[in-house]
Amino acid sequence: QYVATVASDEAAIKTAKLNLAYCRITSPVTGRVGLRQVDVGNYVTSGNTANGIVVVTQLQPMSVVFTVPEDNVPAIMKRLRAKATLQATAYDRSNTVKLATGKLSTLDNQIDTSTGTLKLRALFDNSDDGLFPNQFVNIHLLVDTLHDVIVIPTAAIQRGAKGTYVYAVNADNSTVSMRTVTLGATSGDGNSVAVDTGLAAGDRVVIDGADKLRDGAKITLPAAANGTDAVKPASADATASPKAKNGQHKHHQQDSTQSQ
């Protein structure tokens, strides 16, 4: 009987502690509070739960939802199956200022047929508050790094009935030849592309005025002010510079997104 009395008293104590706990509102997450939804003196009932008293937004960590074209999904899935950690970098709206660096967390289970894209989520620790909720950002997702590949400017690529080709400067430095090339990965900024076949390290290609050229056309190589050669069609003023070399190419998938 005494044991039951003690248990009853302990239950009463716990009930009192629970009632006291209801007198204090504690946020389930750590974050930033928004503008208050009610003012001091307002009458609050259980029916006000739709709006609440204040909204708390978690800032650390912060996730970013973005999309990638469905054509890039196989490459991403291949890396994920290999247990690779894909780095995601967030840039501002102008795509110039780096805001934060995180990693790919997860991805959706189906492609949006209306846009042909797949949603992905990247996670950022946001320790310096570089990201803000609902902020518009650009995401660069590093899928893979290719070593010792030939990289040329995207501007050098021409397309025609025979496929993809470039105009390469011949050894005589006075004529160009048309080279059919097979393209590889494109950089995230779109300014350079890897060439799998068709060019060798050190080949020079025309990046401007190619519409005035044909296979075997004559060009001139006046000395440029910066010490490099600028390629000119013999009958035009358009210039181009040699841009083929051995190097390293990082494959980025980039998409506009909002942080959440």
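For this chain, numbers begin at 1 and follow the sequence in order.
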Peer 1: For the atom pair CG (Asp148) and CD1 (Ile150), what is the distance rounded to the nearest 0.5 Å?
Peer 2: 9.0 Å

Peer 1: Please say which of Asp125, Thr57, Leu123, Leu131 ends up in a side-chain contact (heavy atoms from CB on, under 4.5 Å) with Met62.
Peer 2: Leu131

Peer 1: Closer than 3.5 angstrom, by distance alone: can the side chain of Asn72 be matched with the main-chain N or O of Ile76 as a donor-acceptor pair?
Peer 2: no

Peer 1: Quick check: is Leu59 connected to Val56 through a chain of hydrophobic side chains (ILVMFWY, heavy atoms under 4.5 Å apart)?
Peer 2: no

Peer 1: Verify whether one side chain among Gln60 and Asp129 offers a donor that lies under 3.5 Å from an acceptor in the other.
Peer 2: yes

Peer 1: I'd like a table of donor-acceptor pairs (distance under 3.5 Å, sequence neighbours excluded) in which one partner is a side-chain atom from residues 8-18, with atom names and distances.
Peer 2:
residue	atom	partner	partner atom	Å
Thr15	OG1	Ala11	O	2.9

Peer 1: Are Tyr91 and Val68 grouped together when hydrophobic residues (ILVMFWY) are joined by side-chain heavy atoms under 4.5 angstrom apart?
Peer 2: no

Peer 1: Work out which heavy atom in Phe124 is nearest to a heavy atom in Ala88; give both atom names and the distance.
Peer 2: CE2-O, 3.5 Å

Peer 1: For Val38 and Val54, what are the C-alpha separation, side-chain angles and deciding distance, and is it a side chain to side chain contact (heavy atoms under 4.5 Å, CB included)?
Peer 2: CA-CA 8 Å; Val38 296; Val54 69; over 6 Å; no

Peer 1: Can you check whether Gly130's main-chain N or O pairs, donor with acceptor, with Asp128's side chain at less than 3.5 Å?
Peer 2: yes

Peer 1: Do Thr197 and Thr180 come within less than 4.5 Å of each other through their side chains, counting heavy atoms only?
Peer 2: no

Peer 1: Rounded to the nearest 0.5 Å, what's the gap from OG1 on Thr145 to NE2 on His147? Could you check?
Peer 2: 5.5 Å

Peer 1: Is Arg179 close to Asp203 at the side-chain level, that is, under 4.5 Å between some pair of heavy atoms?
Peer 2: yes

Peer 1: May I ask you to test the Phe132-Asn126 pair for a side-chain heavy-atom distance under 4.5 Å?
Peer 2: no

Peer 1: Please check if any side-chain donor atom of Ser177 sits under 3.5 Å from a side-chain acceptor atom of Asn170, or the reverse.
Peer 2: yes

Peer 1: Nearest 0.5 Å, please: how far is NZ in Lys103 from CG in Leu142?
Peer 2: 15.0 Å

Peer 1: Measure the shortest side-chain to side-chain distance between Thr67 and Thr115 over non-hydrogen atoms and say whether it is less than 4.5 angstrom.
Peer 2: no

Peer 1: Any link between Met77 and Ile111 through a network of hydrophobic side chains (Ile, Leu, Val, Met, Phe, Trp, Tyr) touching at under 4.5 Å?
Peer 2: yes

Peer 1: For residues Tyr165 and Arg159, report the shortest heavy-atom separation together with the two atoms involved.
Peer 2: CE2-C, 3.8 Å

Peer 1: Could you walk me through whether Arg79 and Val143 satisfy the side chain to side chain contact (heavy atoms under 4.5 Å, CB included) test, starting with their C-alpha distance in whole Å, then the side-chain angles of each, then the deciding distance to 0.1 Å, before giving a yes or no?
Peer 2: CA-CA 7 Å; Arg79 295 288 291 153; Val143 177; 3.9 Å; yes

Peer 1: Any chance you could lay out the side chain to side chain contact (heavy atoms under 4.5 Å, CB included) test for Val205 and Leu199, step after step, and finish with the verdict?
Peer 2: CA-CA 9 Å; Val205 296; Leu199 288 176; 3.9 Å; yes

Peer 1: Tell me, with the steps shown, if Ile152 and Val166 meet side chain to side chain contact (heavy atoms under 4.5 Å, CB included).
Peer 2: CA-CA 10 Å; Ile152 64 173; Val166 298; 3.9 Å; yes

Peer 1: Please report the C-alpha distance between Ser105 and Arg121 in whole Å, then the side-chain angles of each, then the deciding distance to 0.1 Å, and finally whether the side chain to side chain donor-acceptor pair (under 3.5 Å) criterion is met.
Peer 2: CA-CA 6 Å; Ser105 174; Arg121 183 185 297 273; over 6 Å; no

Peer 1: Between the main-chain N or O of Thr89 and the side-chain N or O of Thr101, is there a donor-acceptor pair closer than 3.5 Å?
Peer 2: no

Peer 1: Sub-3.5 Å donor-acceptor pair from the side chain of Asn138 to the main-chain atoms of Asp92, do we have one?
Peer 2: yes

Peer 1: Rounded to the nearest 0.5 Å, what's the gap from CD on Gln87 to OG1 on Thr85? Could you check?
Peer 2: 10.5 Å

Peer 1: To the nearest 0.5 Å, how far apart are CG in Asp108 and CG in Leu118?
Peer 2: 6.0 Å

Peer 1: Val55, Val29: one ILVMFWY side-chain cluster at the under-4.5 Å cut-off?
Peer 2: no

Peer 1: Is the shortest side-chain heavy-atom distance between Val195 and Val151 below 4.5 Å?
Peer 2: no

Peer 1: List the atom of Ile207, the atom of Pro153, and the distance in Å for their closest heavy-atom pair.
Peer 2: CG2-CG, 3.9 Å

Peer 1: Taking C-beta and beyond as the side chain, do Asn42 and Val40 meet within less than 4.5 Å on heavy atoms?
Peer 2: no

Peer 1: Atom OG in Ser63, atom CG in Leu120: separation rounded to 0.5 Å?
Peer 2: 12.0 Å

Peer 1: Do the side chains of Tyr22 and Ile53 join up, straight or via other hydrophobic residues, at under 4.5 Å, putting them in one cluster?
Peer 2: no

Peer 1: Mark yes or no: Arg93 above the aromatic ring of Phe136, with NZ or CZ under 6.0 Å from the six-membered ring centre and no more than 45 degrees from the axis.
Peer 2: yes

